[in-house]
Structures are given as structure tokens and as C-alpha cells.
Amino acid sequence: MKKYTNTGSKDTRSGFGAGMTELGEKNENVVALCADLIGSLKFDDFKKNHPERFFQIGIAEANMIGIAAGLTIGGKIPFTGTFANFSTGRVYDQIRQSVAYSDKNVKICASHAGLTLGEDGATHQILEDIGLMKMLPGMTVINTCDYNQTKAATLALADHHGPAYLRFGRPVVPNFTPADEPFVIGKAILLNEGTDVTIVATGHLVWEALIAAEALEAKGISAEVINIHTIKPLDEEAILKSLAKTKCVVTAEEHNILGGLGESISRVMALNTPAPQEFVAVNDSFGESGTPEQLMDKYKLNNQAIVEAVERVIKRK
């Protein structure tokens, strides 16, 4: 199998910050709005370099979404930033009515997603956001795996017209995506070719899927690994092409088992080529306080859980 190298672990939110810094210089229509979390969202450089294009809204997330929608009327490209829970659940009505329904060119950027928010606990963690956002007509949904991919996705969104949700996180994770790899919205990335099982992963679970594939190789199991960074629109062609070989799939995501990537894959298979599927996801529960590592282990969102899911799904072929 192809080997991927961790070139230095970084947090994905810093990839977003680096992307915003670059966009500030490249595109004068890009504006940034923040709900009192400049440091957490890595907006510092953008604010320093382009104060006239940075808007500190304060702890008023609904107003932030409304202001962003209004700014698009004048041709601006607003990127909003706060924690994922506050970017979606707290302001869902404003997103639905003012952004999605109105087809406004707003980029809703969300840090601290999933369980890996960690010690802040269940009230700040969100495991439903992908489901909430993918159900909105016309909404693009992106969930990146590392620093380089988050930066590339941020840059790509500035050139993409229409409402979009970009999800990333706080913890330091392996940075293995090539820095020069182009980010194509809606196009999956085949990381490893295999014949026995398809592992479709997104976000922080992509690296875990690669580790799992190595462990499976040692057991004589050939795993195909696909990085689905765009949940919507979904690259159905890549999924079906892989399933034509492997005849079974494991989906892996830092999200509720209900409403996330796994269910999107299930729909594709039900409409085209039904096959056994196992899910690595949070089993319909809220999170709790703990370190990211403790929580990923407790809720079985790691490479060992992926290996076990693969062994189960292969028996069902």
C-alpha cells in the first residue's frame, strides 16, 4: 500500500487561519466575521492585515449570519467563524432562511467540531452538524482531514459560488496531505487501492483509516481507503467504482451515526448496488468531558475500531 508521511502534526483550525491570511491578500472581496473567538478561529493575521474587512460581531451568532448574508448583496464573500455548535445548532433558522433559501454566497466556517473539542464537554461538542447542514438544499458541506487540506479547502471556497459549510477542529493531528494537492470540491481522494473492503473516511478519521489499512495488510486484508472531504455534493462515482471491486464498505466519521457520511453512503448503495456496511461513528449519544484521545477511544473512533468493523463486514459478504 502507499505510505503517507506525517510531515508535522498541526491543528486543522490553523489551516483555516493560514487560508484566510492568504485570501486576504489575494481577494479583496473576502471579508471575515467572528463571534468573539478571534484566537480560537485563527483570525489574528487577517484582522491585523485587513482591519477594514474584519468584523467582530461578539457573542451574537444569529446576527453574524444575518450580516454575512447582507454583505453578499454588495458582492462580498463573507467567511463566518465560531465553534461548530454555535455555527449550526444555535443559528440554524438564520442559516436556513437567510443563507440557504436565499442562495447567498456565505461560507460558514466551524472550528472545534465533534468529540475532539474535548474537556469543554457535551454542551460545546456537536455531533449532529453534518446532518443539519447537508439537509439544506444547495448547501455544500466540507469536512477536512488535516492542516494542508483545510487550508486548500478555505482557498477553494472563495472561488465557489453558493452557501457552504466548512468543518474543522481544535486538536493537533497528523498533517499528511501534500501541500500542493489541489482541492476539488465534490471529488473524493483515493488514498490506497485495495480489493477486499472499501474504507470511506472523513475528517480526523482519515488518518485512522490509513493506520487501520496498514494493520489490515499485515492480516492479509487489502483495504481501499477513500478520503471523502466533501460530504455534499458526494462523489458517488468514486464510491460505486470502489464497491464494484470490494463488495463491502466501512464508513468512519467523528459524527453521530445518524445523519452523517455513513447514511449518505447507504443511500448511494441502496439506489445502485446494495452491499454490507459497517459504521464507525458515535452511536446516537451526546459526548462528555475528556481529552480528545480519551473520547475517541471511549466512543470507538480510532484505527482499532475501523479494523474490527472491517473484520465484521467482510464476514457479511
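Side chains are part of it too, since the values below use all heavy atoms of this structure and drop only hydrogens, waters and symmetry mates.
- No side-chain heavy atom of Q94 sits less than 4.5 Å from a side-chain heavy atom of M64.
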Item to complete: Report the C-alpha distance between N105 and T72 in whole Å, list the side-chain angles of each, state the deciding distance to 0.1 Å, and finish with yes or no for side chain to side chain donor-acceptor pair (under 3.5 Å).
Response: CA-CA 6 Å; N105 192 29; T72 66; over 6 Å; no
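- Panel note: side chain E253, backbone V280; no donor-acceptor pair is recorded below 3.5 Å.
- In this structure, a donor-acceptor pair under 3.5 Å is absent between the side chains of K232 and S264.
- For T82 and S87, the side-chain atoms include no donor-acceptor pair closer than 3.5 Å.
- Counting non-hydrogen atoms of other residues, nucleotides and ligands closer than 6.0 Å to CG of L240 gives a total above 12.
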Worksheet item: Can F183 and H229 be said to form a ring pair (Phe, Tyr, Trp, His ring centres under 6.0 Å), step by step?
Response: CA-CA 9 Å; F183 188 92; H229 52 66; 4.2 Å; yes
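- Separation of atoms CG (D159) and CG (N27) is listed at 7.5 Å; rounding is to 0.5 Å.
- Atom CD of E25 has more than 12 neighbouring heavy atoms from other residues, nucleotides or ligands inside a 6.0 Å radius.
- Between atom CD1 of residue I211 and atom CD of residue Q304 there is a gap of 11.5 Å, rounded to the nearest 0.5 Å.
- Salt bridge annotation for E278-R316: present, with a cationic side-chain nitrogen under 4.0 angstrom from a carboxylate oxygen.
- Between F176 and W207, the angle of the ring planes lies from 30° to 60°, which puts this pair in the tilted group.
- Residues R267 and E263 are not paired through a salt bridge, judged by the lack of any N-O separation under 4.0 Å between the basic side chain and the carboxylate.
- Donor-acceptor pairing under 3.5 Å is lacking for the side chains of N175 and N6.
- Counting only N and O atoms by type, the side chains of Q277 and S266 include a donor and acceptor under 3.5 Å apart.
- A donor-acceptor pair under 3.5 Å links the side-chain atoms of S222 to the main chain of T195, judged by distance alone.
- Counting non-hydrogen atoms of neighbouring residues, nucleotides and ligands closer than 6.0 angstrom, the NZ atom of K300 reaches no more than 12 such neighbours.
- Below 30°, between 30° and 60°, or above 60°: for F83 and F86 the angle between ring planes is below 30°, a parallel geometry.
- In this structure, R13 is not positioned above the aromatic face of F16 in the sense of NZ or CZ being under 6.0 Å from the six-membered ring centre and within 45° of the axis.
- A salt bridge links K298 to E288: at least one charged side-chain nitrogen sits closer than 4.0 Å to a carboxylate oxygen.
- Using a 4.5 Å cut-off on side-chain heavy atoms (C-beta onward), I95 and M139 make contact.
- Using a 4.5 Å cut-off on side-chain heavy atoms (C-beta onward), T150 and D146 make no contact.
- With hydrogens and angles left out, the side-chain atoms of D129 and Y165 include a donor and acceptor closer than 3.5 Å.
- More than 12 heavy-atom neighbours from other residues, nucleotides or ligands sit within 6.0 angstrom of NZ on K245.
- Contact of the Y101 side chain with the R96 side chain is not registered, since no non-hydrogen atoms from C-beta on lie closer than 4.5 Å.
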